[in-house]
Visitor: 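Mind looking over this structure? Questions follow.
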2 protein chains.
Amino acid sequence: MTRQRRVILEEIRAMRSHPSADEVYEVVRRRLPRISLGTVYRNLEVLSELGEIQKLELGGTTKRFDWNPNKHYHIRCLDCGRVDDAPVAPLLSIEDELYGSTVYEIVGHRLEFLGRCPACSRRHEKDELANAG
Amino acid sequence: MTRQRRVILEEIRAMRSHPSADEVYEVVRRRLPRISLGTVYRNLEVLSELGEIQKLELGGTTKRFDWNPNKHYHIRCLDCGRVDDAPVAPLLSIEDELYGSTVYEIVGHRLEFLGRCPACSRRHEKDELANAG
DNA sequence: CTACATGCAAATGCTTTGCAACCTA
DNA sequence: TAGGTTGCAAAGCATTTGCATGTAG
């Protein structure tokens, strides 16, 4: 556990959001100005393998990281990419529906909700009005 | 509707799989040797906007395309990336669980199953045995 | 004829990697 | 001091874009 790894973990836990590697880098840099982006990527990988954090592969190009390593779902804004936890209980038996009807060995599932956050929702309404007028 | 666009659509429908842009390119190239990868990307985008095909943003780095534009779920092999349809009925009311408990305007959801395809399953078992012995 | 589409190549954005120097246990 | 880790820079990969030319309607 190096200084860099410890600070990265501390900062992610302090943020309590769903930052990209680059966002983690920007925050950690305030405490460790000489840290490199590569180190951040490597440690985010290690920390998620250790089960300290969770790597999120949601839609879009950028991976995100979650201070909370427990299984839960997320909702993502289609306009700005903002991600929040989705307060929906895990679907415990959904995978059972596949037994017998797939050739795959089932390992898990991923559920993501798509929507518009309040800020983008307002902007969107305004655009609609403008287009209608 | 250019020759390129028509051929791309025909080939995706003939494949009936879940090809990446590059895989579409390789197949279409057999009929149109001078087509460019950029054209394939642009047309896949247009065709999915037209509702002729569907763009899939599953986990992993690569986007895939589906000849079937209707909503349905998929299962992806964690080892080789193979993708198949998941024979699970769409969850019609799952989004209702979010009403009132999220600040987002809900637009939809995405569900993906993760597993191991038969080929990788066999390979995995062999590895387990090797490690145990 | 005009607007849109193409081929090509360069650029983009995110992520990974090779390597020598550097810590940490 | 041995092995993992770092900073740096370059490479990798999927995708997008600028631009001059070509083509469909």
Side-chain angles (χ1 to χ4, degrees), chain A residues 1-12 17-50 52-66 76-83 112, chain B residues 1-12 17-50 52-66 74 76 78-83 112:
Chain A
M1 177 72 52
T2 59
R3 215 149 91 78
Q4 287 88 335
R5 187 167 298 166
R6 187 163 29 76
V7 171
I8 288 169
L9 184 52
E10 284 172 10
E11 289 301 330
I12 288 188
S17 63
H18 303 81
S20 65
D22 210 73
E23 288 164 349
V24 173
Y25 174 59
E26 286 307 324
V27 169
V28 166
R29 217 136 78 108
R30 301 208 275 263
R31 289 175 60 186
L32 302 174
R34 300 196 51 79
I35 198 171
S36 77
L37 184 54
T39 296
V40 171
Y41 271 101
R42 280 184 285 228
N43 277 307
L44 289 171
E45 194 61 42
V46 169
L47 287 169
S48 60
E49 275 163 19
L50 291 175
E52 296 289 336
I53 63 175
Q54 184 173 183
K55 187 182 1 176
L56 304 180
E57 296 207 345
L58 307 177
T61 49
T62 310
K63 287 188 187 90
R64 293 175 170 276
F65 296 86
D66 195 328
R76 176 168 57 97
C77 177
L78 290 169
D79 288 0
C80 71
R82 175 179 158 185
V83 172
E112 172 187 16
Chain B
M1 178 71 51
T2 59
R3 216 150 89 78
Q4 287 87 336
R5 187 168 299 167
R6 188 166 27 75
V7 171
I8 287 170
L9 184 52
E10 284 171 10
E11 289 300 331
I12 288 187
S17 62
H18 303 82
S20 64
D22 209 75
E23 287 163 351
V24 174
Y25 174 59
E26 287 306 324
V27 170
V28 167
R29 215 136 78 107
R30 301 208 276 261
R31 288 173 61 187
L32 302 174
R34 298 197 52 78
I35 197 171
S36 76
L37 184 54
T39 295
V40 172
Y41 271 101
R42 279 183 286 232
N43 277 308
L44 290 171
E45 194 61 42
V46 170
L47 288 168
S48 60
E49 274 163 20
L50 291 175
E52 297 287 338
I53 62 175
Q54 184 173 184
K55 192 191 342 184
L56 304 180
E57 296 205 346
L58 308 177
T61 50
T62 311
K63 286 189 187 86
R64 294 175 169 277
F65 296 86
D66 195 327
H74 296 90
R76 175 169 58 96
L78 289 169
D79 288 2
C80 70
R82 174 178 159 186
V83 173
E112 173 187 15

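In what follows, every chain begins at residue 1, and chains take the letters A, B, ... in the order their sequences are listed.
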Visitor: Taking all atoms of both residues into account, what is the closest heavy-atom pair of A/T62 and A/S20, and its distance?
Guide: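 Heavy-atom minimum between the residues: CG2-CB, 3.6 Å.
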Visitor: For DNA chain C, what residues of residues 35-46 of chain B have any heavy atom nearer than 4.0 Å?
Guide: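 Heavy-atom contacts with DNA chain C come from B/I35, B/S36, B/T39, B/R42, B/N43.
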Visitor: Could you tell me the separation between the NZ atom of B/K63 and the P atom of D/dT15, rounded to a whole number of Å?
Guide: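 Rounded to the whole Å, the gap is 6 Å.
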Visitor: Of all residues at least two apart in sequence or in a different chain, which pass the side-chain contact (heavy atoms from CB on, under 4.5 Å) check with B/Q54?
Guide: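 Expected list: B/L56, B/D66, B/H72.
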Visitor: List in chain and number order the residues that pass salt bridge (charged side-chain N to carboxylate O under 4.0 Å, His left out) with B/E52, two or more places apart in sequence or in another chain; answer none if no residue qualifies.
Guide: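 Only B/R13 meet the salt bridge (charged side-chain N to carboxylate O under 4.0 Å, His left out) criterion with B/E52.
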Visitor: Would you say that more than 12 heavy atoms from the other residues, nucleotides or ligands in this model lie under 6.0 Å from the CZ of B/R31, or not?
Guide: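 Result for CZ/B/R31: enclosed.
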Visitor: Tell me the closest heavy-atom pair linking B/L32 and B/Q4, and the distance in Å.
Guide: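 Nearest pair, atom of B/L32 first, then B/Q4: CD1-CA, 3.8 Å.
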Visitor: Got a sec, which residues hit side-chain contact (heavy atoms from CB on, under 4.5 Å) with A/V27, two or more places apart in sequence or on another chain?
Guide: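 Residues passing side-chain contact (heavy atoms from CB on, under 4.5 Å) with A/V27: A/E11, A/M15, A/R30.
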Visitor: Can you check the A/L50 CG to D/dG4 P distance for me, whole Å?
Guide: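 About 14 Å, once rounded to whole Å.
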Visitor: Rounding to a whole Å, what distance do you find between B/K55:NZ and D/dA14:P?
Guide: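 One finds 16 Å between P of D/dA14 and NZ of B/K55, rounded.
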Visitor: Is there a donor-acceptor contact under 3.5 Å from the side chain of B/S48 to the main chain of B/L44?
Guide: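 Answer holds: yes.
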Visitor: Does B/H18 reach the main-chain N or O of B/V83 with its side chain, forming a donor-acceptor pair under 3.5 Å?
Guide: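 A pair under 3.5 Å: yes.
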Visitor: Locate the shortest heavy-atom distance separating B/A21 from B/V40; write the atom from each residue and the value.
Guide: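 Residues B/A21 and B/V40, closest heavy atoms: O-CG1, 3.7 Å.
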Visitor: Between B/R64 and B/E57, does at least one N-O distance fall below 4.0 Å, as a salt bridge requires?
Guide: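 Not counted as a salt bridge, because no side-chain N and carboxylate O are separated by less than 4.0 Å.
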Visitor: Tell me which nucleotide among D/dT15, D/dA24, D/dG7 gets nearest to the side chain of B/T2.
Guide: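 It is D/dA24.
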Visitor: How large an angle, rounded to 10°, do the end axes of the helix from C/dC1-D/dG25 to C/dA25-D/dT1 enclose when each is built from five base pairs?
Guide: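 About 40°, once rounded to a multiple of 10°.
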Visitor: For DNA chain C, note the earliest and the latest nucleotide, 5' to 3', having some atom under 4.0 Å of a heavy atom belonging to chain A.
Guide: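 Both ends considered, the range comes out as C/dC14 to C/dA25.
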